[in-house]
*Asks:* 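Supplied in structure tokens, the structure appears directly below.
Model, not experiment: these values are computed from the prediction. Count residues from 1 along the sequence. Computed over heavy atoms, backbone and side chain alike; hydrogens, waters and symmetry mates excluded. Ligands are counted one by one from 1 in listed order, and the atoms in each one are counted from 1 as well.
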Amino acid sequence: MEVARSFARARNRYEGTVGLLPTLGFFHEGHLALMDLLREECETLVVSLFVNPTQFNDEKDFAAYPRDEDRDAALAVEHSVDILFAPPVEEVYREVSQTTVEVTGVTDEMEGRHRPGHFVGVATVVAKLFAGLQPDIAMFGRKDAQQLAVLRAMVNDLRFPIEILEAPVVREPDGLALSSRNVRMDRREREDALAISRGLFQAAEQVDAGERRADRLESTVERSVKRLDIDYVKLASQATMKPITSLDQPAVLAVAATVGNVRLIDNVAFDFESERPVPDRGILLDEPSRLTTHLADDGAT
Ligand code: PAF
């Protein structure tokens with residue numbers, strides 16, 4: 001595996017179809033599952049590792065974001081990554097940077113409302129990665145459902161000749177969605193955080209039993225997460241990311257809530273098969289994740 005620091009260096013190593021997995025690093029089993037899925041789809045597998053400063057609307061969150069490039073590089077080797085693209089900030093943002101990418105509409109609600117500037121940071125950095133690395137395929141996880149809609153809109157509007165693949169949410173055996181931020185929760189907080197996936201799964205069961213009203217599904221989740229600091233619980237269209245009142249189209253039931261100092265997002269997507277909504281609860285790991293156990297386990301907090 002090659003660790004490339006510049007776009008040109010990364011492109012120099014390409015053979016055949018190029019697949020890109022953009023990441024903020026500090027890999028967990030969710031990233032590793034995505035690497036394995038994308039490995040099947042391309043000849044050259046590129047994983048980018050860049051803690052993008054412009055998408056963190058909270059400086060403290062940026063500072064606290066876990067980082068360990070050596071650990072990530074070792075995991076990337078184990079998962080047959082060809083190129084780990086880990087640029088310094090100057091390769092991505094020149095001293096004078098005059099261009100940003102703003103996707104409108106799909107960014108109005110949920111994360112867009114609660115994290116001002118976040119999606120401009122995401123769309124701008126992903127546009128830079130697409131322009132600089134020129135992959136044929138790029139993969140994003142369904143956990144960031146609104147990000148996926150934003151990036152699909154960007155690829156469509158800017159005519160990037162890149163195929164976007166979606167990967168399922170990867171969960172702990174008890175349901176908690178994997179996130180690099182999970183390491184910042186202590187045991188009690190982690191226990192409290194389980195209310196999110198529990199509420200989403202209960203709502204998914206209601207849908208399986210025939211419930212279609214958004215307010216009923218949202219109330220189920222709200223009841224479950226009532227002890228957390230909730231930003232939103234919303235049933236939204238997958239295409240527009242706008243709230244809908246009835247589950248009559250592909251949708252996501254999405255949650256953002258803070259546990260301790262850690263803001264978590266999660267969702268269950270509803271795809272349609274033969275005119276019926278089918279919940280995508282993601283995939284559950286067979287064993288608890290080794291990579292997102294909280295830092296207190298190693299005496300680090
Ligand atoms: O989802 C993420 O990890 C980030 O938002 C992304 C897509 C790598 C852009 O920095």
*Asks:* Taking only residues at least two apart or on different chains, which pairs with a member in residues 185-242 satisfy ring pair (Phe, Tyr, Trp, His ring centres under 6.0 Å)?
*Replies:* H114-Y232
*Asks:* For D174, what residues pass the salt bridge (Lys or Arg N to Asp or Glu O under 4.0 Å) criterion, not counting sequence neighbours?
*Replies:* R190
*Asks:* Could you list the cluster mates of L178? Members are the ILVMFWY residues connected by side-chain heavy atoms closer than 4.5 Å, either directly or through other members.
*Replies:* V170, I283, L285
*Asks:* Report yes or no: do Y65 and N52 form a side-chain donor-acceptor pair below 3.5 Å?
*Replies:*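 Short answer, no.
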*Asks:* Scan side-chain atoms only and decide if S289 and E29 contain a donor-acceptor pair under the 3.5 Å cut-off.
*Replies:* yes
*Asks:* Does NZ or CZ of R67 lie under 6.0 Å from the centre of the six-membered ring of F62, at an angle within 45° of the ring axis?
*Replies:*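 Here R67 passes the 6.0 Å and 45° test against F62.
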*Asks:* Distances only, to 0.1 Å: what are the N or O pairs between ligand 1 and the protein that fall under 3.5 Å?
*Replies:*
| from | atom 1 | to | atom 2 | distance (Å) |
| --- | --- | --- | --- | --- |
| ligand 1 | 1 (O) | Q147 | OE1 | 3.4 |
| ligand 1 | 1 (O) | Q147 | NE2 | 2.8 |
| ligand 1 | 5 (O) | Q55 | NE2 | 2.9 |
| ligand 1 | 5 (O) | Q147 | OE1 | 2.7 |
| ligand 1 | 10 (O) | Q55 | OE1 | 2.6 |

